[in-house]
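From a predicted model like this one, the values you see are computed outputs, not experimental measurements. The chains referred to below are lettered A, B, ... by the order of the sequence lines, with proteins before strands, and numbering in each begins at 1.
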There are 2 protein chains.
Amino acid sequence: MATTPTRQPARRRRAQRGSGEQLRAEIVAAAKELMAHARSVDDISMRAVAEAVGVTPPSIYLHFADKDALLAAVVIDVFGELDKAMLAAGEAESSPLGRLRAYGRAYVKFAIEHPEHYRLAAMEPCVEPRNALDEVLNSSAFAHFNATVIECIAAGIFVSDDPLGITFELWAAAHGAAALLVAKPYLPFGDTEAFTDRVLCAAALGHAAASLLPDLEPETIAGWLTVQRSS
Amino acid sequence: MATTPTRQPARRRRAQRGSGEQLRAEIVAAAKELMAHARSVDDISMRAVAEAVGVTPPSIYLHFADKDALLAAVVIDVFGELDKAMLAAGEAESSPLGRLRAYGRAYVKFAIEHPEHYRLAAMEPCVEPRNALDEVLNSSAFAHFNATVIECIAAGIFVSDDPLGITFELWAAAHGAAALLVAKPYLPFGDTEAFTDRVLCAAALGHAAASLLPDLEPETIAGWLTVQRSS
DNA sequence: GTCGGTAACTTATCTACGGTAAGTTACCGG
DNA sequence: CCGGTAACTTACCGTAGATAAGTTACCGAC
């Protein structure tokens with residue numbers, strides 16, 4: 001009675017011969033699930049993941065070199081979900097600019113609804129800097145975002161021969177809103193969706209307006225604003 | 001010879017009777033220094049901090065309840081440095097808008113030069129949510145930023161009765177650039193200062209331009225841009 | 001059928017961490 | 001000079017990530 005229950009009840013049946021990948025998928029799923037209820041990546045231990053799957057901790061290391069590798073796998077998974085959410089949000093929009101904003105809204109919404117997943121994917125120092133570049137740039141979410149920026153250029157919204165640069169700018173704005181809302185949720189941002197929309201809209205409109213001015217000196221901007229307001 | 005060297009050589013002299021605060025300051029300084037060379041907060045252990053100061057680990061707990069409390073003290077210290085850097089950068093600027101951008105540039109520059117400090121201060125889930133609100137809002141850096149936004153409203157750059165909202169928006173842009181540059185330094189942002197400037201300028205100009213439009217529907221924006229470009 | 005090879009998994013253990021309880025040292029006011 | 005207490009230390013606990021070495025059970029070959 002006083003003996004620890006160990007993990008006898010959750011003991012998992014040994015997998016079929018060729019299906020070692022099955023356990024890998026279960027581990028990623030378990031880690032992702034655990035992360036949804038954790039406040040930090042430190043809160044989820046390899047032991048906890050192992051127990052959730054019904055396996056002993058060392059078994060995880062047969063599929064992942066270390067904890068970082070497991071978390072990286074979760075990140076890839078999370079990026080996929082984010083992409084789906086963004087695509088779904090942009091479907092209804094007809095204009096490229098509208099789609100861009102819908103993407104941004106969905107991006108921030110996803111971050112708020114999955115704070116720990118977003119934190120891991122976008123706010124932690126990247127786990128493996130080797131292929132990380134390709135992973136981010138080739139991630140569907142980023143690619144779709146960039147494609148829509150290109151559409152905006154084609155539609156005359158933006159004037160630039162560097163769509164990637166614009167994408168990074170807009171991403172910075174979206175990430176800034178998301179990161180702030182996730183890291184400091186107690187600050188008086190007001191309605192989060194309205195705040196997000198203001199930030200995103202300012203970023204897009206600001207970039208477009210910048211191309212209307214000869215330069216971006218404070219005096220030039222102030223003068224331009226005065227002229228605009230008076231007319 | 002084979003015995004571990006323990007920490008005999010770095011043994012610290014016992015402090016004077018009334019000066020317990022001295023050790024506290026040394027601990028914070030050591031933690032801040034260690035963090036400069038660490039890749040994550042997990043890389044700096046209480047043991048390492050203790051050894052750097054020349055003290056045994058439990059002594060730290062006489063001044064800080066736990067590791068989070070120590071890190072919180074470091075955060076406060078870091079915010080102070082950030083404020084100094086921002087003020088210095090804004091001194092030369094005469095116009096409020098120029099000062100605002102100088103602040104933003106200095107903010108991002110500080111984040112890039114002190115990535116781990118910035119990460120701890122702005123990207124980690126806040127350590128103590130109780131007084132954290134006041135700490136951030138009353139932090140000098142934030143206060144100065146907000147004051148300059150108010151100046152911009154007075155100068156007619158922005159039109160709003162909610163300066164705090166504008167401050168949050170601009171902060172989101174600056175934080176987005178900083179966080180992205182810190183978390184994903186390998187991405188092809190190009191020149192970091194130029195990138196930062198574009199993001200900041202777009203945020204400020206975008207907010208100002210938004211007040212020129214009747215609404216922010218995609219069609220309205222596209223139409224306005226067409227008119228502007230043709231004139 | 002059975003039997004060796006090996007994939008799949010476990011037991012046992014290492015080192016390091018954050019944190020605590022209980023003890024010890026040395027300063028200092030009376 | 002002596003007792004009180006601030007300022008520390010020694011010893012320890014539980015848990016974490018990770019590894020080495022062992023064990024089990026599937027499965028193809030003969």
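Atom CG of Asp66(B) and atom P of dG14(D) are 20 Å apart (whole Å). Going from atom NE2 of His63(A) over to atom P of dG17(D) covers 18 Å, rounded to whole Å. For Met46(B) and dC13(D), the CE to P distance is 21 Å, given to the nearest whole Å. Between Tyr61(B) atom OH and dG19(C) atom C1' the separation is 5 Å, expressed in whole Å. For Arg47(B) and dA16(D), the CZ to P distance is 16 Å, given to the nearest whole Å. Rounded to whole Å, atom C1' of dA16(D) lies 15 Å from atom CG of Leu70(A). Whole-Å rounding puts the Ile60(A) CD1 to dC9(C) P distance at 12 Å. Following rounding to the nearest Å, Arg24(A) (CZ) and dA7(C) (C1') show an atom-to-atom distance of 17 Å.
Among residues two or more places apart in sequence or in another chain, the ring-ring contact (aromatic ring centres under 6.0 Å, His included) test is passed with Phe64(B) by none. Residues meeting the ring-ring contact (aromatic ring centres under 6.0 Å, His included) test with Phe189(B), sequence neighbours left out: Phe168(A), Phe195(B).
The side chain of Lys67(B) approaches dG18(C) more closely than any other nucleotide in the set dG18(C), dT10(C), dT9(D). Distances from the side chain of Thr56(A) to the nucleotides dG18(C), dT11(C), dA21(C) place dT11(C) closest.
Residue Ala102(A) comes nearest to Gly90(A) through the heavy atom pair CB-CA, 4.1 Å, listed as atom of the first residue, atom of the second, then distance.
Of the listed residues (Glu91(A), His144(A), Glu151(A)), just one forms a side-chain contact (heavy atoms from CB on, under 4.5 Å) with Arg99(A), and that residue is Glu151(A).
For DNA chain C, the neighbouring residues in residues 37-45 of chain B, judged by any heavy atom under 4.0 Å, are Ile44(B), Ser45(B).
When each of Ala48(B) and Leu62(A) is assigned the nucleotide of DNA chain C bearing its nearest heavy atom, the one mapping closer to the 5' terminus is Leu62(A).
At dT9(D), one or more side-chain N or O atoms of Ser59(B) fall inside 4.0 Å of OP1 or OP2 (strictly under the cut-off).
For Tyr107(A) and Phe142(A), the gap between ring centers reaches or exceeds 6.0 Å.
Salt-bridge check for Lys84(B) with Glu81(B): failed, with every basic side-chain N at 4.0 Å or more from each acidic carboxylate O.
With a 6.0 Å radius and a threshold of 12 heavy atoms from other residues, nucleotides or ligands, Glu113(B) has its CD atom above the threshold.
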